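These numbers come from the heavy atoms of this one structure, side chains and all, not from hydrogens, waters or symmetry mates. We count residues from 1, following the sequence as given. None of the values given here were measured: they were computed from a predicted structure.
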Amino acid sequence: LIESNPEYEMFRVFGGYDCGYLEGTDWEKAESIRKSKIQEYIADISEENFKEWQKRLLLVIKNYESSKHSEYLYFSNIFLLGLGEQKPSIALRLIQQNENEFEPFLLRLIWGMWESKSAIIARELMSKWVEEDKHLQVCASLFAYDVKEIDMQLLERIFEKAKKYKDVNALNNV
């Protein structure tokens, strides 16, 4: 009964490890199936069905803090990164409406948005955060990855704020 539930199936795609995903399937095949399914999910999300997807995603992360964070790697590293890159305006809306709930995942969403054709969305959001003294570590962390372009002015603003607030984690990432 539970295996026929679409929300449960989605949770299984997003969470857990490849070795336990599909019985009788090796990890490479499981990885391939999961990545394909994630692309289907990203393709399905639209402005019209945003509220439905928002509810689903909030259910997926509901127990994140009490779980092994490594069990959310597909959700974070593939789904959210891909959502940010392929649909940056939807990723922005998800952040704007659920910033606190998605705090552990903000870096992946921002990173995807930064790598998108609409990178300005990520720049504007990060600039706003820096102005509001919010998420400095997330903002600094973005530039610790192999992003296409480093905005030196933004990075300098992050550095100044992190220095002002003695935010060691943000400073380390700068």
Side-chain angles (χ1 to χ4, degrees), residues 10 13-15 34-35 38-47 49-51 53-65 67-174:
M10 184 182 61
V13 168
F14 287 146
R34 290 171 103 172
K35 286 181 174 180
I38 286 171
Q39 285 307 309
E40 288 176 29
Y41 294 154
I42 292 171
D44 184 57
I45 300 172
S46 66
E47 291 296 335
N49 65 11
F50 175 82
K51 288 289 184 191
W53 271 101
Q54 180 183 29
K55 286 178 191 173
R56 287 177 180 164
L57 299 177
L58 288 170
L59 282 173
V60 168
I61 64 172
K62 181 179 176 186
N63 296 311
Y64 176 74
E65 288 305 321
S67 301
K68 292 180 183 173
H69 295 181
S70 61
E71 292 181 346
Y72 285 80
L73 293 179
Y74 275 94
F75 179 72
S76 179
N77 295 357
I78 303 200
F79 175 74
L80 293 177
L81 191 68
L83 180 65
E85 188 170 1
Q86 295 171 42
K87 299 189 175 182
S89 61
I90 289 177
L92 176 64
R93 187 173 170 195
L94 190 62
I95 291 170
Q96 288 173 330
Q97 293 183 14
N98 308 280
E99 190 171 323
N100 292 334
E101 293 87 350
F102 276 89
E103 174 124 25
F105 306 104
L106 290 176
L107 177 58
R108 294 298 188 240
L109 284 163
I110 287 290
W111 186 4
M113 293 161 62
W114 190 270
E115 298 295 315
S116 77
K117 293 178 181 167
S118 303
I120 189 71
I121 294 172
R123 276 188 173 86
E124 289 172 354
L125 180 59
M126 288 172 63
S127 289
K128 178 180 176 267
W129 285 347
V130 172
E131 189 65 33
E132 297 173 351
D133 306 327
K134 292 170 52 177
H135 309 300
L136 295 176
Q137 183 179 350
V138 170
C139 295
S141 294
L142 175 71
F143 299 116
Y145 291 94
D146 189 21
V147 294
K148 291 180 202 170
E149 178 186 339
I150 295 178
D151 183 328
M152 289 306 293
Q153 287 181 324
L154 180 57
L155 188 57
E156 287 173 14
R157 288 179 49 221
I158 295 166
F159 174 71
E160 290 303 321
K161 289 283 184 141
K163 193 167 69 171
K164 176 181 176 181
Y165 292 106
K166 296 179 172 73
D167 184 336
V168 176
N169 292 325
L171 286 168
N172 282 336
N173 285 313
V174 170

Do the side chains of [Y] and [X] get nearer than 4.5 Å, heavy atoms only?
X: Ser116; Y: Ile121; value: no
X: Gln97; Y: Lys51; value: yes
X: Ile95; Y: Met113; value: yes
X: Trp114; Y: Arg123; value: yes
X: Gln54; Y: Arg93; value: no

*With a 6.0 Å cut-off on ring centres, are Tyr41 and Phe79 close enough?*
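No, they do not, as the ring centres are separated by 6.0 Å or more.
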Sequence-distant partners of [X], salt bridge (charged side-chain N to carboxylate O under 4.0 Å, His left out), two or more places apart:
X: Lys87; result: none
X: Glu71; result: none
X: Lys62; result: none

Enter the distance from [X]:[atom1] to [Y]:[atom2] here, rounded to the nearest 0.5 Å.
X: Leu155; Y: Asp151; atom1: CG; atom2: CG; value: 8.0 Å
X: Glu131; Y: Met126; atom1: CD; atom2: CE; value: 14.0 Å
X: Leu109; Y: Ile90; atom1: CG; atom2: CD1; value: 12.0 Å
X: Phe143; Y: Leu154; atom1: CZ; atom2: CG; value: 4.5 Å
X: Leu171; Y: Gln137; atom1: CG; atom2: CD; value: 10.5 Å
X: Arg34; Y: Leu73; atom1: CZ; atom2: CG; value: 9.5 Å

Partners passing ring pair (Phe, Tyr, Trp, His ring centres under 6.0 Å) against Tyr145 (at least two apart in sequence or in another chain):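 By the ring pair (Phe, Tyr, Trp, His ring centres under 6.0 Å) rule, Tyr145 matches Trp111.
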Closest approach of [X] and [Y], non-hydrogen atoms and distance?
X: Ile42; Y: Gly82; result: CD1-C, 3.7 Å
X: Ile158; Y: Cys139; result: CD1-CB, 3.5 Å
X: Met10; Y: Val60; result: CE-CG2, 4.0 Å
X: Ile45; Y: Leu83; result: CD1-CD1, 4.0 Å
X: Ala140; Y: Val174; result: CB-CG2, 3.8 Å

Say whether, by atom type as modelled, one donor and one acceptor occur between the side chain of [X] and the main chain of [Y] under 3.5 angstrom.
X: Ser76; Y: Tyr72; answer: no
X: Arg108; Y: Leu81; answer: no
X: Asn49; Y: Asp44; answer: yes

Can you tell me which residue pairs pass the ring pair (Phe, Tyr, Trp, His ring centres under 6.0 Å) test with a partner in [range], sequence neighbours excluded?
range: residues 86-107; answer: Tyr64-Phe105, Phe75-Phe105
range: residues 116-142; answer: Trp129-His135
range: residues 151-174; answer: none

With sequence neighbours left out, what residues match [X] under side-chain contact (heavy atoms from CB on, under 4.5 Å)?
X: Glu65; answer: His69, Pro104
X: Lys148; answer: Glu115
X: Ile78; answer: Lys35, Ile38, Tyr74
X: Glu101; answer: Leu58, Ile61, Asn98

For residues 161-172, which residue pairs qualify under salt bridge (Lys or Arg N to Asp or Glu O under 4.0 Å), counting only residues two or more places apart or in two chains?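 Residue pairs with at least one partner in residues 161-172: Asp133-Lys161, Glu160-Lys163.
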